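Computed from a predicted model, the values in this text were never measured in an experiment. Just so it is clear: chains get the letters A, B, ... in the order the sequence lines come, proteins before strands, and each one is counted from 1.
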There are 4 protein chains.
Amino acid sequence: MQDSNVASIVEDPELIAKRRGQIVAAATQLFAREGFYRTTIKDIAKLAGISSGLVYQYFREKEDILLLVLLEVLDSYSREIPQALEGVTEPLDRLLKAVDAYCRVVDRHRAAAVLAYRSTKSLPPDRRRELIQQREIETNQIIASAVKDCIKQGLIRKVNVDVLVYQIVLAAHGWALKSWYFKSRISLDEFIRETIDILLIGILTPVGEEQRAKQKRRANQRGKVQLPT
Amino acid sequence: MQDSNVASIVEDPELIAKRRGQIVAAATQLFAREGFYRTTIKDIAKLAGISSGLVYQYFREKEDILLLVLLEVLDSYSREIPQALEGVTEPLDRLLKAVDAYCRVVDRHRAAAVLAYRSTKSLPPDRRRELIQQREIETNQIIASAVKDCIKQGLIRKVNVDVLVYQIVLAAHGWALKSWYFKSRISLDEFIRETIDILLIGILTPVGEEQRAKQKRRANQRGKVQLPT
Amino acid sequence: MQDSNVASIVEDPELIAKRRGQIVAAATQLFAREGFYRTTIKDIAKLAGISSGLVYQYFREKEDILLLVLLEVLDSYSREIPQALEGVTEPLDRLLKAVDAYCRVVDRHRAAAVLAYRSTKSLPPDRRRELIQQREIETNQIIASAVKDCIKQGLIRKVNVDVLVYQIVLAAHGWALKSWYFKSRISLDEFIRETIDILLIGILTPVGEEQRAKQKRRANQRGKVQLPT
Amino acid sequence: MQDSNVASIVEDPELIAKRRGQIVAAATQLFAREGFYRTTIKDIAKLAGISSGLVYQYFREKEDILLLVLLEVLDSYSREIPQALEGVTEPLDRLLKAVDAYCRVVDRHRAAAVLAYRSTKSLPPDRRRELIQQREIETNQIIASAVKDCIKQGLIRKVNVDVLVYQIVLAAHGWALKSWYFKSRISLDEFIRETIDILLIGILTPVGEEQRAKQKRRANQRGKVQLPT
DNA sequence: AATGAATGAGAATTCATTCAT
DNA sequence: GATGAATGAATTCTCATTCAT
């Protein structure tokens, strides 16, 4: 549990790490289940097995807990995805593996992932929100650089990287955000497979030259689309 | 403003519609800007130009207002998208138009769209959340049926409809959810174009037979992907 | 109960006056008995016969109550002393009457008078403290102008007005501040009589010329003292 | 630092004296600047250079610190005034010197002097307050006996000793209590001179027999005043 | 003796909700 | 129907005091 601008009264770094760990773990659970405002400091303290006053030895205010909870989520992304990519060298393999890993991290931290969408606004709008956004951008870099490598090697088309990256990210988050829907309909493995399938080769059917040209024209009216010939 | 299981003390349906309209409009604005918990009934009443007591003649409790606000957002989708599709008959055209329309509706109600992600959990978990989810499923049907039509006519591949629909939906919502990122980087038109581009034809480069086979094999390891031959 | 920069949520001035009156009366009693910090809002509300929440419809924070309580005390001085002087025209008579009246006001508001000494520091140091001090200076003007009139007419010596006025004021306040001492030893009437006695003619014995000169010389060593010849 | 009924866990009297000295010195500073309730044990401990837990080895509770702080202030009076009187034998000289010394002690301990007025009520009303009052009475004895000596020797009139003593004491304290007023208007030396001037010979102008008789009559109506003939 | 982490009672303040007018 | 004053439960945060080390 890094400090991240969050002040603590206690000095001992080990103790800080331990206590903050307890508190953040409890808070993550409760924030995810009940939401930030419905969760009281007393609830958090009780679940963490400490007194409510002690929370304030490690966090200046309730919102600081939320901050660390959210940073934890983001950190779990930028920790676990690179880890999954270790040893994978082929650019396209790396990209696919990254998508796969992202979805699986989200799945593992499902509640926390949703939390990030729900509660970021509960932070005061100052540098703390920026902290979160900065972290999100950093995490996205992992995906982005995999995408760029693929483009560089001509493995994927020259698409807009920002849009593609967020398409991937949102799809992954979607597994958590819409788990109420997917849960009973599809497994994580299938979800990942289908998502990659669509992303990689699109949805259009392969068509004869004539058809394709027609399709292409129609699609091109919508904008930049350059169907492969 | 339909009643939607939300009880009111006042009888006159016209008055109910008018007052609820005022209140929901004010609440939408404030919930979007400040969040559900930070917004007080007094704030809403003041912005709506009525007294705080009067709110309770039209809503049993604060959460009922949120419910209507969220239903309003969802309704704006299922109202405006079909409207945009009027007169468009070709299935693929309809699908592309639907995506386009969805993104534009989200753009218009940006704050409200984000609100749906942030505040749904503020509703008690009972039938009210189901109400929202039911409505979301209904809205998604519009996209889903366009997809299915395309598949039926062989215009797009047999992809998993649920996954594709949510991919589209999340991409559209992404425009609002990540507007802090896109705002300074890309226009709505570009965003829509790029999104459709990726969805339609995927990201892989068109390759010679040999290459493609190799790619395909690799991709297939990841799951179902069946690259077109 | 004038507003004095203290904000209220309620608009109706009559109601404000009534409620603030209740609250300030209760608070005065409790602050005097228990001190500012030992007194809780709940205590005040209960004694005032209202709910604790209602207090915050008429005062923004606890310290605002203290402010009004203190201003009330000071106002009682500047209201009651001039009233006692009505019809008294002879300057010396006015001065003596003023001293007498001051002591009696202090006696009547004994607890509140002490409160002013105890709790002014509990106010935030900004303009609120200045407000109190400004008011004190204004009240002292009543005494000061009586003193000046006497001097102008040659009824009393040219003493330092500031010092004299505070001597009078402190003596009057002393009746409250040291009531634990005086209570069992002397009556208010006696106290006033003795105080005026000392102030008017000092404490030195009338002495023969020679003695007096010696005394005078000794006294003069201490400073400005100019014994009358 | 005498024990004064204040219990300590530590045995070694020297250590007790040293630690209590540190704590009381720090507390005096903080109480004076921030007030009793605004000052925390942690603040005191930090300023005293010890841990907060250690405070409770030398004081049973926070109020015990206040008690010692206040006793310290009172002791500084009864220590420094007699010291200033050393070698002064003439009764009137002693009285004047006592007044002078009192004002100067108050000036030196200005913050602490005010503290006594502000915080005595923060003590529980039991024997501890009595302890303070007893000490105050003792200090006043120094002034009182000087006054009595003067009266005995016919140097000053037979005025009410209690009233006169408190008049002197309050005037001296006034220098601290109203320093916000005097600070910019008068020096300590002037203040002392003027105060003594008024006390010694009163404020009435010396007048011809006829005038004086009139004045006397008027003054006498107010009470006991017996103008010297 | 000393430290400082831990406790938990307590207090100010807010605000959804009710109710008299 | 409408108003807005009144209620009181609930929550955050502070800090005196205790206690394990």
Legend entry - ring pair (Phe, Tyr, Trp, His ring centres under 6.0 Å) contacts touching residues 13-32 of chain D (sequence neighbours left out): Phe31(D)-Phe36(D)

Inset, instruction - For DNA chain E, determine which residues of residues 25-35 of chain B have any heavy atom closer than 4.0 angstrom to one of its atoms, and list them numerically. - result: none

Starting at [atom1] of [X] and ending at [atom2] of [N], how long is that distance when rounded to a whole Å?
| X | N | atom1 | atom2 | answer |
| --- | --- | --- | --- | --- |
| Glu11(A) | dA5(E) | CD | C1' | 12 Å |
| Ile50(B) | dG1(F) | CD1 | C1' | 11 Å |
| Phe59(A) | dT14(F) | CZ | P | 15 Å |
| Lys46(C) | dA11(E) | NZ | P | 12 Å |
| Ile23(A) | dC13(F) | CD1 | P | 13 Å |

Inset, instruction - Quick one, give me the B/S/- string for nucleotides 15-21 of chain E, reading 5' to 3', where B means a protein heavy atom under 4.0 Å from the base and S means that only happens at the primed atoms, P, OP1 or OP2. - result: SSBB---

Legend entry - Backbone N/O of Thr40(B) and side chain of Lys62(B): donor-acceptor pair under 3.5 Å: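 Here the side-chain-to-backbone pair does not exist.
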
Legend entry - Side-chain donor or acceptor of Thr39(B) paired with backbone N/O of Leu30(B) under 3.5 Å: yes

Inset, instruction - Enumerate the residue pairs fulfilling salt bridge (Lys or Arg N to Asp or Glu O under 4.0 Å) with a member in residues 34-46 of chain B, sequence neighbours excluded, ordered by first and then second residue. - result: Glu63(A)-Arg38(B)

Inset, instruction - Just jot down the side-chain contact (heavy atoms from CB on, under 4.5 Å) partners of Arg60(C), sequence neighbours excluded, or say none. - result: Asp64(C)

Inset, instruction - Please name all residues satisfying side-chain contact (heavy atoms from CB on, under 4.5 Å) with Ala116(D), sequence neighbours left out, ordered by chain then number. - result: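 Checked Ala116(D) against side-chain contact (heavy atoms from CB on, under 4.5 Å); matches are Leu70(D).
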
Inset, instruction - Output every pair passing side-chain hydrogen bond (donor to acceptor under 3.5 Å, both in side chains) with a member in residues 8-18 of chain C, not counting sequence neighbours, ordered by first then second residue. - result: none

Inset, instruction - Report the stems of DNA chain F as range-with-range entries sorted by first number; a stem here is at least three consecutive pairs, Watson-Crick or G-U wobble, both distances under 3.5 Å, and write none if there are none. - result: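 Stems (3+ consecutive pairs) listed as E:2-21 with F:2-21.
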
Legend entry - Tyr56(B): side-chain hydrogen bond (donor to acceptor under 3.5 Å, both in side chains) partners, not counting sequence neighbours: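 With neighbours one apart ignored, the set is empty.
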
Inset, instruction - Using side-chain hydrogen bond (donor to acceptor under 3.5 Å, both in side chains) as the criterion, list what pairs up with Glu61(B), not counting sequence neighbours. - result: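 Glu61(B) satisfies side-chain hydrogen bond (donor to acceptor under 3.5 Å, both in side chains) with Arg128(B) once adjacent residues are dropped.
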
Legend entry - Under 4.0 angstrom between Ser51(B) side-chain N/O and dT3(F) OP1 or OP2: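 Yes, within the criterion.
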
Legend entry - Contacts of Tyr58(B) that satisfy ring pair (Phe, Tyr, Trp, His ring centres under 6.0 Å) - sequence neighbours left out: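 Checked Tyr58(B) against ring pair (Phe, Tyr, Trp, His ring centres under 6.0 Å); zero matches.
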
